[in-house]
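Contents: one structure, followed by commentary.
In what follows, chains are A, B, ... by sequence order, proteins preceding strands, each numbered from 1.
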Amino acid sequence: MAKSKNNTSPEVYKMSENIRVRFAPSPTGALHIGGAHTALFNWLCARHTGGTFILRIEDTDRERSTPEYEQSIMDGMRWMGLDWDEGPDKPGQFGPYRQSERMESYTKYANQLLDAGLAYKDNGAVLFKVPSGKIVTFDDEVYGHIEVLSDNASVNQDGTIKDIVIIKRDGMPTYNFAVVIDDFTMNINMVIRGEDHIINTPKQLLIYHALGFKPPKFAHLPMILGKDKKKLSKRQGATSVFEYNDLGYLPDGVFNFLALLGWSPKNGQEVFTREEAVKLFEIGSVTKKPAVLDMDKLNHINQEQMKIMDPYKLLEIIKPFWRGLGLNITACSDDYLASSLQTMGGRGQTTMQLAEYSDYFISFDAVKERYKADDINEERRPALKKFYSELLGTSEFTPEAMESFTRSWIETNESSMKEVALPLRWVLTGRKVSPGVFEVAAQLGKEECCRRLEYYNLI
RNA sequence: GGUCCCUUCGUCUAGGGGCCUAGGACGGCGGGUUCUCAGCCCGUUAACAGGGGUUCGAAUCCCCUAGGGACUGCCA
């Protein structure tokens, strides 16, 4: 139970050396939630320390890597708001940023090992000779001190030492070799990646030592598990981050939620903007325990993020959902739509719900489809008609004015708020639930309220 | 099998020897506010995997056991 936390905090870099971290996905699939988590923590670390965030594409698997996936990973990162300072599309002094384009350095260092007698050729591949009897150690920023005997770093089934392939028969470097060369030549001084790589670290360290490279610091992140506590599989939400968008989650919601997996700010804050996250983030307070994805919590965080989001920004995100529901929003102004969203008052946990719950602000047809007015008691109709007519006559068509008018009316007419407000809600929204009915009425405007009441013969 | 890692409420976590009869959040349950719902407010539910040490004192340190995970590819 290695509990010793490393004492070197990233803040140290602030004063001495610019921190350089990287996210290095292989373009063999879209950006899934685990990748997004790793990317996020790298990004947070870089932004918190004022360091540099590098995107490197690990496309040495020629079979499975595609430019489409590379594009989709970058789109996914942009969606989350994770911008990088150097990458395939953002050349810097340490490029290129695709492994397939850095072949010279792999052959150069492979040859160096070959010349030094630390590697050998076999069957067209180049193998690194794993030394025996060396103790490999490193102090992980998250997991603490880790120590492995070199004999155990890479073994065959029978327990004998297995040399590490560094250049494949097709001439491409293997993962364990390419990361070392790239992280060194790109000046990466902090490697933040998933815990599944912790076991690869000794192998890589052996190569660092053989080449005489100074190793970076390592910070491994806890895995993210599904509800069944198993590693996230393809069918469990490990799918593209865009699916979260389609499901109704805000980039800020996913960002906030993911930041809380394996980390929590010292001040206990749970809902925060990305600026606040950058300020609060510390790699040293990352947890070791694998975290289970909890959709209830995501829903809650997402709802909170919708509440603090700029109304017009939120509007642009909601628009596609309205269109998806078949609503024609072209007739409505952005001001009207944004203010309708405000009227919703934080109701709904996802953008999809918000869009659906607010449809009556855009279309009366949606209301007509839902509400047939067959619950209206004919004996009461005249009284309702009288009241609604007077209500619409209120000179000031504000929620406050309407409410106070209603309160005094029900008093003198021996009615109740329920009796008049509930039917009005149905007529205006076609729903049983909505924001305060006077807020809704005010937002719809007198004219539209009139139209809806007329349709149902209630005015 | 081997190597490495992990283990606090259902879930995310706080906790680094006495502040812990273990705190917060989400969820659940109950109540309040109210034109409905959401919200908000109040209350409640529920955990230190087990066993040995060390210590005046352990969720916190050590050891063992159990469980879980990762890796064991010329994938990354």
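Aromatic ring orientation, A/Trp263 versus A/Phe281: tilted (interplanar angle from 30° to 60°). The aromatic rings of A/His37 and A/Phe41 sit tilted relative to each other, their planes meeting at an angle between 30° and 60°. Ring geometry, A/Trp409 versus A/Phe387: the interplanar angle falls from 30° to 60°, so the pair is classed tilted.
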Handout entry: Contact state string [nucleotides 37-47 of chain B, B base, S sugar-phosphate only, - no protein heavy atom under 4.0 Å]
Key = BBS--------

Handout entry: Per-nucleotide protein contact string for nucleotides 28-33 of chain B, where B marks a base within reach and S marks sugar-phosphate only (heavy atoms under 4.0 Å, - for neither)
Key = ------

Fill in the blank from the handout: The contact string for nucleotides 71-76 of chain B, one letter per nucleotide 5' to 3', using protein heavy atoms under 4.0 Å with B, S and - for base, sugar-phosphate only and none, comes out as SSSBBB

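Taking atom CG of A/Leu293 as the reference point, atom C1' of B/G27 lies 15 Å away to the nearest angstrom. Between A/Leu298 atom CG and B/U13 atom P there is a gap of 14 Å when expressed in whole angstrom units. For the pair A/Phe387 CZ and B/C35 P, the interatomic distance rounds to 13 Å; values are reported in whole Å. Distance A/Glu439 CD to B/C35 P: 12 Å, rounded to the nearest Å. Taking atom CZ of A/Arg431 as the reference point, atom C1' of B/C35 lies 17 Å away to the nearest angstrom. Whole-Å rounding puts the A/Lys266 NZ to B/G16 P distance at 10 Å. If you take CD1 of A/Ile410 and C1' of B/U34, they are 13 Å apart, rounded to a whole angstrom. Note: NZ (A/Lys288) to C1' (B/G69) measures 15 Å, nearest angstrom.
Taking atom P on both nucleotides, B/A38 is separated from B/U33 by 15 Å, rounded to a whole Å. B/G15 and B/A59: their C1' atoms are spaced 8 Å apart (whole Å). Atom P of B/A58 sits at a distance of 12 Å from the matching atom of B/G53, rounded to the whole Å. Nucleotides B/C4 and B/U21, compared at atom C1', are 38 Å apart to the nearest Å. Distance noted for atom P between B/A49 and B/U13: 15 Å (whole Å). For the P atoms, the distance linking B/C6 with B/G10 amounts to 22 Å, nearest Å. Spacing of C1' atoms, B/C42 relative to B/A47, comes out at 24 Å, to the nearest Å. A distance of about 44 Å separates the P atoms of B/G31 and B/A70, rounded to the whole Å.
For residues 56-66 of chain A, every residue pair satisfying the salt bridge (Lys or Arg N to Asp or Glu O under 4.0 Å) rule, not counting sequence neighbours, is listed here: A/Arg56-A/Glu58, A/Arg56-A/Asp182, A/Arg56-A/Asp183, A/Asp61-A/Arg64.
The residue A/Gly194 sits apart from the nucleic acid: no heavy atom pair falls under 4.0 Å. As judged by a 4.0 angstrom heavy-atom cut-off over every strand, A/Tyr357 is placed among residues making no nucleic acid contact. When heavy atoms are screened at a 4.0 angstrom cut-off, A/Arg407 is found touching the sugar-phosphate backbone but no base atom.
Side chain of A/Val292, nearest nucleotide from B/C5, B/U11, B/G27: B/U11. Distances from the side chain of A/Asn152 to the nucleotides B/U3, B/C35, B/G24 place B/U3 closest.
For the pair A/Arg274 and A/Phe255, the cation-pi criterion (under 6.0 Å, within 45° of the ring axis) is fulfilled.
Take the nearest nucleotide of RNA chain B for A/Met417 and for A/Glu147: the residue whose nucleotide is more 5' is A/Glu147.
Looking only at distances, a side-chain donor or acceptor of A/Asp140 sits under 3.5 Å from a matching main-chain atom of A/His220. Between the side chain of A/Asn176 and the main chain of A/Gln204, no donor-acceptor pair closer than 3.5 Å is present.
Not a single ring pair (Phe, Tyr, Trp, His ring centres under 6.0 Å) links A/Phe397 to another residue, sequence neighbours left out. Applying the salt bridge (charged side-chain N to carboxylate O under 4.0 Å, His left out) rule to A/Arg370 yields the partners A/Asp359; only residues at least two apart in sequence or on another chain are considered.
The partner of B/U72, taking Watson-Crick or G-U wobble pairs whose two distances both stay under 3.5 Å, is B/G1. Base pairing analysis places B/U7 opposite B/A66; the two distances defining the Watson-Crick or G-U wobble pair are each below 3.5 Å.
Checked by distance alone, A/Lys297 brings a side-chain donor or acceptor within 3.5 Å of a matching partner on the base of B/A25.
Between the side chains of A/Glu147 and A/Thr137, no donor-acceptor pair is found at a separation under 3.5 Å.
For A/Glu195 and A/Lys288, the salt-bridge test fails: no basic side-chain N is under 4.0 Å from an acidic carboxylate O. Ion pairing of A/Glu276 with A/Lys279 is absent here, as no side-chain N (NZ or NE/NH1/NH2) approaches a carboxylate O to less than 4.0 Å. Salt-bridge annotation for A/Arg452 and A/Glu448: present, with a side-chain N of the basic residue lying under 4.0 Å from a carboxylate O of the acidic one.
Aromatic rings from A/Trp84 and A/Phe53 are positioned such that their centres are separated by 6.0 Å or more.
Close to B/U8, at under 4.0 Å from its OP1 or OP2, lies a side-chain N or O of A/Lys289.
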